[in-house]
Amino acid sequence: MTEIPALAGYTPEKRMLIDGELVGASNGAEFDNVNPATEEVLGQVADGTKEDMRRAIAAARRAFDETDWSTNHTFRKHCLEQLQEAIESEVDQFRAELVDEVGTPVAVTYSAQLDWPLADAFRWPAKMIEEYPWERRLPDNDLAGLTSHRAVRKEALGVIGAIVPWNFPFEVTVNKLGPILATGNTVIIKPAPDTPWNATRLGRLIAERTDIPAGVVNVVTSSDHLVGEELTLDPRVDLISFTGSTATGKRIMEKGAATLKKVFLELGGKSAMIVCDDADLAAVLPSAAAACMHAGQGCALQTRVLLPRSRYDEGVAILTAVMQNIPYGDPKDMSNIQGPQVSALQRDRVQGHIDRAVEQGARLVVGGGRPANQPKGWFIEPTLFVDVDNSMAIAQEEVFGPVLAVIPYDDDEDAIRIANDSQYGLSGGVFSGSLERGMAIADRIRTGSISVNGGIWYGADAPYGGYKTSGIGRQNGIEGFEQYTETKLVGWLS
Ligand code: NAD
């Protein structure tokens with residue numbers, strides 16, 4: 001096993017951050033944080049109550065309404081720079097903690113789980129505070145016999161409820177927090193119960209290492225989803241920024257309707273990798289292994305591989321070898337790209353998807369169950385289904401496990417039709433020997449992001465999100481930044 005040099009020791013933070021104070025739950029309750037790779041209890045964290053949540057909302061409301069946080073650009077920039085620096089000083093602790101509580105392979109922390117988002121998490125939004133056109137002038141108008149001057153101003157939106165999933169908890173949290181704070185809002189962060197410590201560590205850094213005023217950022221942990229639901233019900237919250245399942249996203253919209261909440265929803269996906277008949281299959285298909293990265297627990301992963309019938313057998317043979325050789329197991333082993341599912345519940349859900357695919361007639365060629373050599377931990381084998389019809393559940397539903405479905409197609413039109421025949425529209429990929437052909441296909445895929453010949457679109461400046469039931473709004477980029485603003489029109493006479 002290739003152990004990485006020294007996974008750091010760390011002191012986890014049990015306490016929440018409410019109104020500038022690091023506090024336990026009002027009733028003293030705590031819940032366990034469990035390591036998905038070993039099933040061992042790592043420690044505890046505050047089990048926040050609805051009352052704690054309401055107190056956090058009140059603090060965020062007061063900080064927005066009664067301080068100059070929402071209008072003081074210079075101060076906000078200073079605070080964001082402090083926060084970036086504070087997190088960077090504990091990057092090794094974040095890394096070790098994420099491996100333990102998320103079960104993420106350590107290799108993934110050097111990319112999307114930690115290092116990629118951290119690079120510009122607060123730096124880019126801080127730069128935007130200076131560069132963003134907060135005001136634009138409109139031409140004077142002549143109405144009712146008056147000549148009015150006019151401007152459009154962008155302002156902070158208010159109190160944001162940020163609800164975070166367990167699969168990429170740090171990535172999602174900082175990509176919400178950066179633009180939320182840069183645009184002058186206040187926030188309550190509600191981490192997933194499975195992965196609370198990265199958020200409480202962030203809370204501790206904010207409290208102890210930055211000048212961010214009390215109430216501007218609150219972190220409320222809870223084992224009870226309904227504590228998070230308070231955010232969707234409370235009229236003092238202006239927008240819910242949610243990343244997670246499409247089912248919960250729909251519930252949030254429904255619950256938020258009574259108070260006409262604005263929503264940003266980043267939801268599920270079932271992305272297609274289209275491999276054209278002119279692609280170099282031996283070079284291209286190994287990248288399909290990414291579907292198993294972090295045990296397939298990524299919303300943008302390309303979990304359907306579309307192979308041309310003319311080269312189907314050749315492609316299936318290569319994919320079979322790829323999936324038989326996925327390095328998986330202990331997340332602390334640097335050579336593994338796949339660790340466990342995050343919980344027993346998730347492991348059972350994934351197994352249910354696999355069993356249903358077999359029942360529906362998909363041909364299972366690799367994996368399909370629990371690995372015999374991993375008696376502890378919530379592992380599922382890398383699993384390959386071939387001869388999948390796109391109407392099968394395994395091609396339509398988000399599995400969130402290390403499961404790849406291979407679907408044959410006739411020609412480019414057929415591949416585009418199959419890729420788009422999905423309730424989701426989050427991401428995807430096209431591989432072709434001709435960049436022009438690949439780009440032309442990419443243009444016709446109804447998804448919020450797409451990679452051509454392996455290009456990576458990720459970045460703090462890149463607006464990421466979904467079409468169709470994959471969501472509403474964008475994370476990051478100018479589009480993500482503006483999502484946390486209100487638009488005010490001003491007309492005046494001189
Ligand atoms: P979930 O969507 O239920 O949970 C995500 C977050 O929402 C957690 O913080 C949770 O506490 C919170 N939440 C749950 N119910 C809520 C409610 N009624 N009001 C407010 N907040 C609520 O996800 P899950 O049940 O943990 O996972 C189920 C499936 O969701 C997975 O199998 C996977 O398909 C999908 N998922 C997708 C993503 C993504 O990035 N798109 C992330 C996680 C899970």
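Order of appearance sets the numbers: ligands from 1, and atoms from 1 within every ligand. Fair warning: this is a prediction, and the values are worked out from it, not measured in the lab.
In terms of modelled atom types and a separation under 3.5 Å, the side chain of Trp116 and the main chain of Thr109 share no donor-acceptor contact.
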Stepwise side-chain hydrogen bond (donor to acceptor under 3.5 Å, both in side chains) check, Thr485 with Thr183: CA-CA 6 Å; Thr485 63; Thr183 44; over 6 Å; no
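Under the salt bridge (Lys or Arg N to Asp or Glu O under 4.0 Å) criterion, Asp65 pairs with Arg61, not counting sequence neighbours. Partners of Ala96 by side chain to side chain contact (heavy atoms under 4.5 Å, CB included), not counting sequence neighbours, listed by chain and number: Leu7, Tyr10. Checked against salt bridge (Lys or Arg N to Asp or Glu O under 4.0 Å), Arg349 has no partners two or more places apart in sequence or in another chain.
Between Trp124 and Phe481, the two ring planes are perpendicular [angle over 60°; tilted spans 30° to 60°].
Every protein residue with a heavy atom nearer than 4.0 Å to ligand 1 is included here: Ile163, Val164, Pro165, Trp166, Asn167, Lys190, Pro191, Ala192, Pro193, His225, Gly228, Glu229, Phe242, Thr243, Gly244, Ser245, Thr248, Arg251, Leu267, Gly268, Cys299, Gln346, Arg349, Glu398, Phe400.
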